[in-house]
Amino acid sequence: MIHAFRAELLSVPHDPRDAPDAVRHELDGLLVVEDGIVVARGAYGDLAERYAQVPTRSLPGLVVPGFVDGHVHYPQTDKIASHGEQLLDWLDRHIFPAEKAFADKAHADLVAAFFLDELLRNGTTSALVYPTVHEPSVDALFEAAMLRNMRVISGKVLMDLGPEGLNDTVAGGRAATEALIRRWRGRGRLGYAVTPRFALASSDAQLADAGALVAEYPEVLMHTHLAENLRECEAVAERFPASIDYLDAYDRFGLVTPRSVFAHGIHLDDRSCARLHESGAGIAVCPTSNLFLGSGFFDLALNDRHRVTLGLGTDVGAGTSFSMLHTAGLAYQAALMRGERLDPFRALYLATAGSAALLHIGDKVGALEPGMEADFVVLDAKATPLLERRTRSAELAERLFALQILGDDRVVSETYIMGQRAWRRSSSAPA
Ligand SMILES: [Zn+2]
């Protein structure tokens, strides 16, 4: 089936840091989709004649690629906005008790469905997701993602040093990981990530086994946390005295690879960033979480100096919003705290093609180029009276920045998955 959408189109397929002319914008554009794949995209005037016979729908608003959340925890959905702690205490007090409930598949099913619908409402069509230590928590998420045809990457959390009820063993963790990889390989738009929770939650033997799994399965990602919080960094230094730094603790177990995605990376130095670049590993930057847990501000300039691969993540439930637009706005503010200005087009890149590249799905989603899957979002800059007023005569960069600073789920009027509308904002006006 072939159909087309006429709209204002915007995407940033490459990092403006490395490709300053990366922005692709058609004020009056045409996006032609066949069987879920973009077959043509350009100015309406250039394409209209060629596709005159194709049914065409006009979309009011700014069409951008579906957002790609580079790091998020679905079992923490119900613990978003939990008061009062930094990372390690927050985990003990709020998160670990909630995650225990995911041993129950029926509970996991309910939360997974709510979580994925929430992503769609926020315009997020792809994500790299933490489940829990429990094997059924992965099945629940993958089943719900298949139903919605979403591009979701996840993998059972490995944490043999976790608290009672949330710990596995080296052998048990491997067996469940391999069973899940076999069970879900090649299905829908899913991908697998070997997921040690973080350095402190696994024994040396389990970290080494995770490294072995990554080496044995070349199609999987490696997903974990890195250098988020100072107390955590101190505990890692104490636990791994032979390691040069936090990243090196992972490196010694074969966990720093081109397929490695590290969340946060707040407390890194030149050596770590150089090693990240050299290895091809990258960072999912999570500014709302870093602010919420008082972890610190990501050093964009340091990472840019070393040309580290970067994407953007919400990190809910430490993150405070599922909106990648809002997250982009916070990334701007966090960068400014370090004296850096994040350009709104680069912020859009990080939330779309950047995260897609980080997740090794950059050839499939994130840029709305011909040959890619037609996941996209319609943004409505008139969604609130303030936004409408602020953007009334704004040029593109100003409008995009206002959407990032003032926008959230309210500005997402429609979300499309492979050319099919998967979510639409209720148009019912208040009485
Ligand atoms: Zn996280």
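Numbering starts at 1 and runs along the sequence shown. Indexing begins at 1, ligand by ligand and atom by atom, following the structure's order.
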Notebook entry, point to check: Are the ring centres of Phe298 and His264 closer than 6.0 Å?
Noted result: no
> Between Phe102 and His107, does the ring centroid distance fall short of 6.0 Å?
Replying inline: yes
Does a donor on one side chain and an acceptor on the other come within less than 3.5 Å for His71 and His223?
yes
A correct count of protein N/O/S atoms found below 2.8 Å of the Zn ion (ligand 1) gives 4
Tell me, with the steps shown, if Val33 and Tyr416 meet side chain to side chain contact (heavy atoms under 4.5 Å, CB included).
CA-CA 11 Å; Val33 177; Tyr416 285 78; over 6 Å; no
Open item on the list: Walk me through whether Trp184 and Asp139 qualify under side chain to side chain donor-acceptor pair (under 3.5 Å).
Closed with: CA-CA 9 Å; Trp184 290 100; Asp139 291 320; 2.8 Å; yes
Review point. Going through the distances and angles, do Asp245 and Ser272 end up as a side chain to side chain donor-acceptor pair (under 3.5 Å)?
Key: CA-CA 8 Å; Asp245 51 37; Ser272 301; 3.1 Å; yes
